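See below for the structure under consideration.
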Amino acid sequence: MRRDRMRIMYRHLNNEEIDALTLQGCMSKNWETVLVSEDFDCSYVRNVCFSGNVRLGSFRRTFTIPGGSVRHSGVYNACLHNVEIEDDCFICNVNGHISNYIISRNCLIFNVGAIYVDGRSSFGNGVEVSVLNELGGREIMMYDNLSAHQACLMAMYRNHPRMIEKLRGMIGSYVENISSEMGFIGECSSIINTTLVDGVKFGPYSVIEGASRLRNGSVNSTREAPVYIGTGVVADDFIICSGSKLRINAAVERCFVGQACELTETYFASDSVFFANCFGGNGEACAIFAGPFTVTHHKSTLLIAGMFSFMNAGSGSNQSNHLYKLGPMHCGVLERGSKTTSDSYILWPARTGAFTLVMGRHVQHLDSSPFPFSYLIERQGISFIFPGANLKSVGTIRDVKKWPKRDKRVGKKLDFINFNLLSPYTMAEAFSGLGILKALKAANPEAEIYTYKNACIKSSSLQKGIRLYEMMADKFLGNSLISRIQKSGADSLASLHSALRPDIEAGCGAWEDLSGLLAPASEVEKLILDIETGVLTTVEEVSARFEAMHADYYSYEWTWAYSAIRDYYGVDLSDAGIEALKGIITKWKKSVLSLDEMLYADAEKELGLAGSIGHSAPDSDSRMADDPFVNTVREHIAAKTALYNEVIDFLDKIN
């Protein structure tokens, strides 16, 4: 946290000022340790007990405190020990004391208990959070600028102990550099009606109103993205990043709260990390890794020992990490974009594929990770997978469109978030699932129900899943090819072949989702090696590598797609003919329009249900005509048809 402090020239008090302060109820055993600014006016310091080294700035402005009362800046009714107060602060009614703090200019501290640092503090930095496995073994070491990706390395790559050791060393160096015996309150911050602040540093423009207890933490507020902590909040061993809010009796213990998050309405979290744009209300979290856009609203919802991102938890969602044998050591992963319906339950360990809808109570240890965009539904105690069914859901598309619009972060962003619905990561899962489905079908063509890792797949669902994953492949690979052709500027087939060659070698093979950041597994392994061998030596350098990987995403993606087109279609883009290219693009058009028609039908069904109650409800046709999402689907169909014609015309011209 930057400490942009004013340079104030201090002087000793003169005898007249000491006499005036004494008459105004002030006291000190040694007035020599009380220094003031050149234009200090003692009129605005009353009933103050000074001890240790105290520095006071000037008091020229007024404050309007809650309720509308206008008060002049100054210090009134307080005990100050080893405190520096810069210009134009208003400090009033400190029932306990303020000790060992630097208070920057224009701060308001009113009606508080005690604010102090007792000994050397790291302000929550260096605290270890036991995510996922409550018994330990996946600890994340917090620090001010922790990203979801750094946390992911520490929690999920425990097979690289040397890398973990190096990362912990880097964070340890940062912790040592920021540790201090003096706390800090940034400029224009306000702390009002707050009972206890013990070892907390505050960034500029922090707003603390009615908190019960803040202990050993950092409030990393900024002018562009203030942090708000409200009524009844209790926070111990914590870090709260810019733009975040803790409101209405929220309580956190050993938690990292990333940028633009909100925890409210008695939400309780322990040993958990929350990254960009998470929301938690009413419920409870224990030992969770909440990646970007993890959302839970309901009192009855418990998230425990799970890893999530882009996730929405339904009311009553629950998981078990304790098999009553060796303790709460189990954990699970709901991959990006997953949802749980009301009263859903999953027995850990388990894992779902990306964008999976979970409904019902699943009491077997499931692994549906090869089947992205699926429904995982329990019927009479049996878990059924409906592969690819979520691809035709309007909810999936609506979520993907809303996430970028709901990114509330401003200024420097700690997490590098890839919002793409289709990517090499999800496509690799889909290709794996496609292979499994075809193998199951080939092994027993007449079966009505197939089994896969404690779950069942109906024959009809298997057939639909194959078709949906094939359309998904046509859409993604066609999108990548068309985008590359449009950017090629080619005027001949030879120049097009040249333009289609990948920009970089990295991208082929497996991909990883580092809690929002999508990257080739080879690049992640290279990063890990560079940490282990000392090529990267600071947390800033590691963060810069993540940023570079995020910036290169589309180059990586094309390298993957270039190879996948060869493997899937049997078309080598280094010498492909025009007709082969047209064939891929024609499949793309057919699949894109088919998926859009499925979305349109799903929207029609949803709107029909919405209008089925009440005599005055508009009919379905009217609702369809007025609904903005439906209009977006219509526009998408028209736009993709036009794009198809444009690309085909281009290929005809260079043929």
Side-chain angles (χ1 to χ4, degrees), residues 124 127-136 138-140 142 148 151 155 211-215 217 229-240 244-258 261-324 327-334 338-350 358 361-362 515:
V127 169
E128 294 191 355
V129 184
S130 295
V131 299
L132 302 178
N133 185 345
E134 288 189 75
L135 299 182
R138 295 188 181 274
E139 293 87 356
I140 294 170
M142 295 195 299
S212 291
R213 182 179 73 238
L214 305 178
R215 175 173 285 147
I229 299 177
T231 305
V233 168
V234 175
D236 296 320
D237 301 320
F238 67 94
I239 293 176
I240 302 174
S244 288
K245 299 177 181 178
L246 267 61
R247 303 172 57 245
I248 314 178
N249 299 315
V252 297
E253 182 179 22
R254 293 181 302 280
C255 286
F256 179 89
V257 181
C261 294
E262 182 172 349
L263 305 180
T264 185
E265 303 289 353
T266 68
Y267 194 76
F268 174 75
S270 63
D271 281 293
S272 296
V273 291
F274 301 85
F275 293 99
N277 298 289
C278 286
F279 179 92
N282 298 298
E284 182 179 356
C286 179
I288 72 167
F289 190 121
F293 292 94
T294 298
V295 174
T296 170
H297 284 272
H298 308 286
K299 287 184 179 179
S300 54
T301 297
L302 166 66
L303 299 180
I304 185 168
M307 186 173 191
F308 317 99
S309 61
F310 303 95
M311 183 263 199
N312 195 314
S315 62
S317 293
N318 195 359
Q319 308 89 44
S320 290
N321 66 330
H322 199 315
L323 301 184
Y324 303 101
M329 61 186 294
H330 300 288
C331 59
V333 178
L334 299 187
S338 294
K339 286 185 177 181
T340 61
T341 66
S342 296
D343 299 318
S344 70
Y345 168 84
I346 305 176
L347 178 64
W348 295 146
V358 180
R361 302 182 63 79
H362 301 273
S515 193

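Computed from a predicted model, the values in this text were never measured in an experiment.
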Review point. How long is the span from the CZ atom in R215 to the CG atom in D237, to the nearest 0.5 Å?
Key: 9.0 Å

Revision key, fill the gap. In this structure, CZ of F256 is separated from OG of S244 (nearest 0.5 Å) by 8.5 Å

Side-chain atoms of residues 273-291: list all donor-acceptor pairs with protein atoms under 3.5 Å, sequence neighbours left out, distances to 0.1 Å.
from: N277; atom 1: OD1; to: K408; atom 2: N; distance (Å): 2.9
from: N277; atom 1: ND2; to: D407; atom 2: OD1; distance (Å): 3.0
from: N282; atom 1: ND2; to: H297; atom 2: O; distance (Å): 2.7

Exercise for review: Considering non-hydrogen atoms only, spot the tightest contact between M142 and G124 and give its length.
Suggested key: CE-O, 3.5 Å

Check your understanding: What pair of heavy atoms forms the shortest contact from A313 to S317, and how long is it?
Key -> C-OG, 4.0 Å

Revision key, fill the gap. Of all heavy-atom pairs linking Y345 and Q319, the shortest is CE1-C, 4.1 Å

Review point. Which atom pair, heavy atoms only, marks the closest approach of L132 to A155?
Key: CD1-CB, 4.5 Å

Check your understanding: Is there a side-chain contact between T340 and L334, using heavy atoms and a 4.5 Å cut-off?
Key -> yes

Review point. Can you list every side-chain hydrogen bond (donor to acceptor under 3.5 Å, both in side chains) pair that touches residues 265-275, not counting sequence neighbours?
Key: R254-D271

Exercise for review: Mind listing the closest non-hydrogen atom pair of L135 and N133 along with its distance?
Suggested key: N-OD1, 2.9 Å

Output side-chain donor-acceptor pairs under 3.5 Å for residues 298-312, partner residues at least two apart or in another chain, one line each.
from: S300; atom 1: OG; to: G316; atom 2: N; distance (Å): 2.9
from: T301; atom 1: OG1; to: G314; atom 2: O; distance (Å): 2.9
from: T301; atom 1: OG1; to: G316; atom 2: N; distance (Å): 3.2

Revision key, fill the gap. Taken to the nearest 0.5 Å, the spacing of I229 CD1 from K245 NZ works out to 12.5 Å

Revision key, fill the gap. Rounded to the nearest 0.5 Å, the CZ atom of R361 sits from the OG atom of S344 at a distance of 8.5 Å

Review point. Would you find a donor on one side and an acceptor on the other, under 3.5 Å apart, between the side chain of T231 and the backbone of I248?
Key: no

Practice item. State, to 0.1 Å, how close S515 and P292 come at their nearest heavy-atom pair, and which atoms those are. Key: O-CD, 3.4 Å

